[in-house]
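All values below come from the heavy atoms of this structure, side chains included, with hydrogens, waters and symmetry mates left out.
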Amino acid sequence: MGGPGASVLLRDALTRHQEDALEVWLRSITRSLEKGDEVYEFWLKEDAFPGTVSHCLFYLSVEETKEHWDEDEKRQIKELLGYLPEQSITVSSGCNQDHDHITLGQFVLHLGREYDGLINMGGAITPPLKPVDRKLWEKWLAESPERVRERGEYMQAQLKALEASLPAGKTMQELFYEQHFDPDSPLKVIQTDVEAKFGPAYPPELDVWARKPSLEETSAYVRAMPGNVYEIEYTTASDHRWVLHIVDVAFLQAWMKHPRFHMIK
């Protein structure tokens, strides 16, 4: 299962000298580093960063940022930052344990300092979800156990058929991630088909989106922390208005000390 990722946004593109220096630094902290056409793959040395370092495979790439944002996002970023970053150094972990999140945080913190960059968290830092109404959930299950079972079996069959049809190199994990941004995702086709046959999986009041904090609550949560945070709003493929956070080094330092610290998966 894949893990979290984040990008360090660079105002100007790396020079050739900076690219070479980045690779030299990577080789100094890794046990094994493979350089593909676009992506570095590596395992980190035990002393790469303070504390316990992840034993998982990591990935790093240098990318042109403009390719990843739509026009509205570019407008917001330029208004908030005063410029549109030229490049990003993107780092991700292949695992999703606590040490992987901590190591990723230390990794992008170092890069943010080294290149005077901001960190695109790749999603939203949010307060906890509102708790599930257990009585409502138990009532829902008690009233429709057979439909719930049939619905689950039907969906699993559809997902297995989809997985078997994927082209070489494509994973279900990638599809689940992409569905948040792709209105034509085959997973959404399956979801629509399942809901047409069986109705919603659970009452709308129990849906994750119904339990998520509002944009206003999320904004208050992140703005209470030290440092600077920039909120970029966008519309999800399911037509929800949501936000991703770009933060500075001071914010990330504070967030890494927070009891709910995690990078975004």
From [atom1] ([X]) to [atom2] ([Y]), nearest 0.5 Å:
X      : Y      : atom1 : atom2 : value
Ile232 : Leu80  : CD1   : CG    : 4.5 Å
Lys45  : Arg27  : NZ    : CZ    : 11.5 Å
Leu118 : Ser7   : CG    : OG    : 12.0 Å
Met155 : Leu187 : CE    : CG    : 9.0 Å
Tyr115 : Leu9   : OH    : CG    : 14.5 Å

Transitive ILVMFWY side-chain link [X] to [Y], under 4.5 Å:
X      : Y      : value
Leu14  : Leu84  : no
Trp43  : Tyr40  : no
Ile246 : Trp242 : yes
Met121 : Val229 : yes
Phe261 : Val247 : yes

Is there side-chain contact between [X] and [Y], with at least one heavy-atom pair below 4.5 Å?
X      : Y      : result
Leu111 : Leu22  : yes
Leu109 : Met256 : yes
Leu10  : Pro85  : no
Leu104 : Ser92  : no
Val108 : Met263 : yes
Leu175 : Leu162 : yes
His68  : Glu73  : no
Phe58  : Leu26  : no

Return yes if some donor-acceptor pair links the side-chain N/O of [X] with the main-chain N/O of [Y] below 3.5 Å, else return no.
X      : Y      : result
Gln106 : Pro50  : yes
Arg31  : Glu46  : no
Asp248 : Asn228 : yes
Thr192 : Lys188 : yes
Ser93  : Cys95  : yes

Quick one: closest heavy-atom pair of [X] and [Y], and the distance?
X      : Y      : result
Thr103 : Ser54  : OG1-N, 2.9 Å
Leu57  : Tyr59  : CD2-OH, 3.1 Å
Phe42  : Leu33  : CB-CA, 4.0 Å
Gln18  : Ala13  : OE1-O, 4.1 Å
Thr171 : Leu166 : C-CD1, 3.8 Å
Leu129 : Pro213 : CD2-CD, 4.4 Å

Less than 4.0 angstrom from a charged side-chain N to a carboxylate O is my criterion; do [X] and [Y] meet it?
X      : Y      : result
Lys74  : Glu71  : yes
Asp20  : Arg16  : yes
Lys197 : Glu150 : no

[X] atom [atom1], over 12 foreign heavy atoms within 6.0 Å:
X      : atom1 : answer
Lys160 : NZ    : no
Glu38  : CD    : no
Asp72  : CG    : yes
Lys78  : NZ    : no
His258 : NE2   : yes
Glu217 : CD    : yes
Asp70  : CG    : yes
His262 : NE2   : yes

Query raised in the report: Which class fits the ring pair Phe107 and Trp25: parallel under 30°, tilted 30 to 60°, perpendicular over 60°?
Result: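 The arrangement is perpendicular - the two ring planes meet at more than 60°.
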| task | Over 60° means perpendicular and under 30° means parallel, so classify the ring planes of Trp255 and Tyr221, tilted if in between. | result |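 If you compare the ring of Tyr221 with that of Trp255, the planes turn out perpendicular.
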With no hydrogens and no angle check, do the side chains of [X] and [Y] hold a donor and an acceptor under 3.5 Å apart?
X      : Y      : value
Tyr234 : Gln76  : no
Gln87  : Glu63  : no
Tyr154 : Asp193 : yes

Compute both the distance and the angle, then confirm whether Arg11 meets the cation-pi test with Tyr83: under 6.0 Å from the six-membered ring centre, within 45 degrees of the axis.
->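 Yes, Arg11 lies over the aromatic ring of Tyr83.
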**Prompt:** Does the pair Val222 and Phe251 meet the rule for a side-chain contact (heavy atoms from CB on, under 4.5 Å), with working shown?
**Reply:** CA-CA 9 Å; Val222 295; Phe251 182 100; 4.2 Å; yes
Report task. Dump the intermediate steps for side-chain contact (heavy atoms from CB on, under 4.5 Å) on Val249 and Gln253, then the final yes or no. Result -> CA-CA 6 Å; Val249 165; Gln253 284 178 305; 4.0 Å; yes
Set out, in order, the CA-CA distance, both residues' side-chain angles and the distance that settles side-chain contact (heavy atoms from CB on, under 4.5 Å) for Ile125 and Arg260, then state yes or no. CA-CA 10 Å; Ile125 298 170; Arg260 295 194 69 247; over 6 Å; no
